[in-house]
2 protein chains.
Amino acid sequence: MQPRPRTIPEATVARLAVYLRVLATLADGGRSTVSSGELASAAGVNPAGLRKDLSHLGPCGVRGVGYDVALLRDRLTRVLGVERAHGCVLVGIGNLGSALADYAGFGTRGFEFVGLFDASPARIGQRIGSLQVRALDELEDVVAATGASIGVLTTPAEVAQRVCDRLAAAGVRSILNFAPVTLTAPAGVDVRKVDLSVELQVLAFLGQQRVPAGVGESA
Amino acid sequence: MQPRPRTIPEATVARLAVYLRVLATLADGGRSTVSSGELASAAGVNPAGLRKDLSHLGPCGVRGVGYDVALLRDRLTRVLGVERAHGCVLVGIGNLGSALADYAGFGTRGFEFVGLFDASPARIGQRIGSLQVRALDELEDVVAATGASIGVLTTPAEVAQRVCDRLAAAGVRSILNFAPVTLTAPAGVDVRKVDLSVELQVLAFLGQQRVPAGVGESA
DNA sequence: CGGTGTGAACTCTTTCACAGCG
DNA sequence: CGCTGTGAAAGAGTTCACACCG
């Protein structure tokens with residue numbers, strides 16, 4: 001039906017974001033074209049897989065040559081929907097929250113914090129970057145006023161679900177959760193989780209898998 | 001052959017870590033048994049999938065009743081290899097690094113920072129928690145002395161690969177990378193990546209997918 | 001020729017349905 | 001009768017091999 005079958009696998013989308021980062025670096029370095037092999041190597045994936053990922057956007061390379069760096073970068077930017085900056089609100093200004101609020105990587109990639117919130121009076125009023133920490137009460141008003149579409153949670157686990165509910169009710173459509181709980185959100189609201197403990201535990205497991213004996217020292 | 005076929009899918013391992021967290025919370029709350037349904041709901045997964053995940057450890061529930069909370073928690077702790085604390089070194093003590101160094105969640109879950117490193121003289125000597133930031137030169141010595149098995153990277157992207165190489169050479173077997181680059185590590189060294197920009201971009205994409213029109217408000 | 005785009009084979013995961021034990 | 005444990009089916013996602021175009 002559609003010329004672009006609106007179905008790009010989520011795994012592919014995540015990799016497209018990686019390709020975009022690599023392309024941005026290449027463009028900064030003055031490169032004008034790349035082959036799938038080189039791009040795949042820089043992104044840590046299989047070349048054929050990369051080509052399949054890109055095939056979801058329709059043809060965007062030149063056979064026998066490769067991909068135009070700037071062109072592909074712009075295309076990915078549009079597809080991912082980061083051509084225009086997305087407003088983000090950050091709730092929970094502890095150590096991690098402060099670090100994220102200050103993290104330069106966001107602004108340069110199509111995301112901008114438009115509100116920082118905390119429940120603790122001690123934090124309220126504190127300046128981080130160009131923003132001032134506000135009381136949690138103002139959450140709904142700020143979301144409405146700024147049209148923020150993304151919420152980032154760095155609160156303690158106990159309050160994360162409640163804040164999630166408020167964000168969803170206020171009209172935020174996407175939530176990135178750093179609190180170590182599994183959130184439930186209404187349909188239409190996407191939640192992604194980053195759990196540092198889980199990552200470390202997976203590493204611990206993989207590490208012990210290899211230990212038992214000096215397994216395959218290849219060649 | 002083996003009573004425990006050493007092959008637990010990585011996707012399963014990640015979920016086991018989530019189950020472990022939920023079980024710890026339940027145990028703290030005084031619960032003694034859970035059903036797969038309840039546990040699955042708290043972990044945000046399908047009950048049948050949870051049972052299949054647990055089946056990789058051999059039978060560990062009681063039919064008609066459910067799972068013993070404390071028993072299953074201890075079992076998962078052993079399987080994941082976090083019964084004994086793992087030493088971690090953290091390289092790159094910027095905002096994010098400082099936040100992680102201070103993050104209580106690690107110590108309580110079988111991980112302990114045994115060394116903090118930074119290249120900047122301004123950071124060296126600074127105290128965070130019970131540790132003092134050391135010069136990057138000391139990295140190899142500290143890894144050797146402490147037997148640290150995990151490295152956490154919160155350096156700028158430009159130096160991440162070099163630090164990764166040093167960590168691997170020093171004997172670190174697992175690396176958790178927060179720098180926005182794809183790392184290459186020798187065989188036998190596992191790398192996991194946490195890329196905040198990628199997470200946000202995936203959310204941006206999913207968000208715009210739903211926007212076009214009031215799509216399927218079901219029922 | 002070189003490198004892209006893609007159908008087909010393969011592997012890995014998830015889901016379902018039900019057998020089996022308490 | 002309830003809930004676990006599990007084979008079998010369905011579904012994603014990944015890899016391969018090669019046709020096709022510049």
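Labels below follow one simple rule: chain letters A, B, ... track the order of the sequence lines, proteins then strands, and each chain is numbered from 1. Computed from a predicted model, the values in this text were never measured in an experiment. All values below were derived from every heavy atom in this structure, side-chain atoms included, with hydrogens, water molecules and symmetry-related copies excluded.
When every heavy atom of B:Cys60 is checked against every heavy atom of B:Leu72, the shortest pair comes out as SG-CD1, 4.0 Å. Taking both residues in full, the closest heavy atoms of B:Val172 and B:Gly151 are given as CG1-N, 3.5 Å, listed atom of the first, atom of the second, then distance. In terms of heavy atoms, B:Val34 sits closest to B:Arg31 at CG1-NH2, 3.9 Å. Smallest separation of non-hydrogen atoms from A:Phe205 and B:Val79: CD1-O, 3.2 Å. Summarising the geometry of A:Tyr67 relative to A:Leu50, their closest heavy-atom pair is CE1-CD2, 4.4 Å, with the distance given to 0.1 Å.
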What is the per-nucleotide protein-contact pattern of nucleotides 11-19 of chain D, from the 5' end, where B denotes a base atom under 4.0 Å from a protein heavy atom, S denotes such proximity for sugar-phosphate atoms only, and - denotes neither?
--SSBBB--
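Of all nucleotides in DNA chain C, those with any atom nearer than 4.0 Å to a heavy atom of chain A start and finish, going 5' to 3', at C:dG2 to C:dA8.
The pair A:Arg75-A:Glu83 does not count as a salt bridge, with every side-chain nitrogen at least 4.0 angstrom from each carboxylate oxygen.
Taking only side-chain nitrogens and oxygens, B:Ser55 never comes nearer than 4.0 Å to OP1 or OP2 of D:dG5.
For the residue pair B:Tyr19 / B:Asp53, a side-chain donor-acceptor distance below 3.5 Å is found, with atom types taken as modelled. Using a 3.5 Å distance cut-off with no hydrogens or angles, the side chains of A:Arg51 and A:Ser36 do pair a donor with an acceptor.
Between B:Leu39 atom CG and D:dT4 atom C1' the separation is 13 Å, expressed in whole Å. Rounded to whole angstrom, the span from the CG atom of B:Leu50 across to the P atom of D:dC3 amounts to 14 Å.
Between B:Gly66 and A:Val62, it is B:Gly66 whose nearest contact on DNA chain D lies nearer the 5' terminus.
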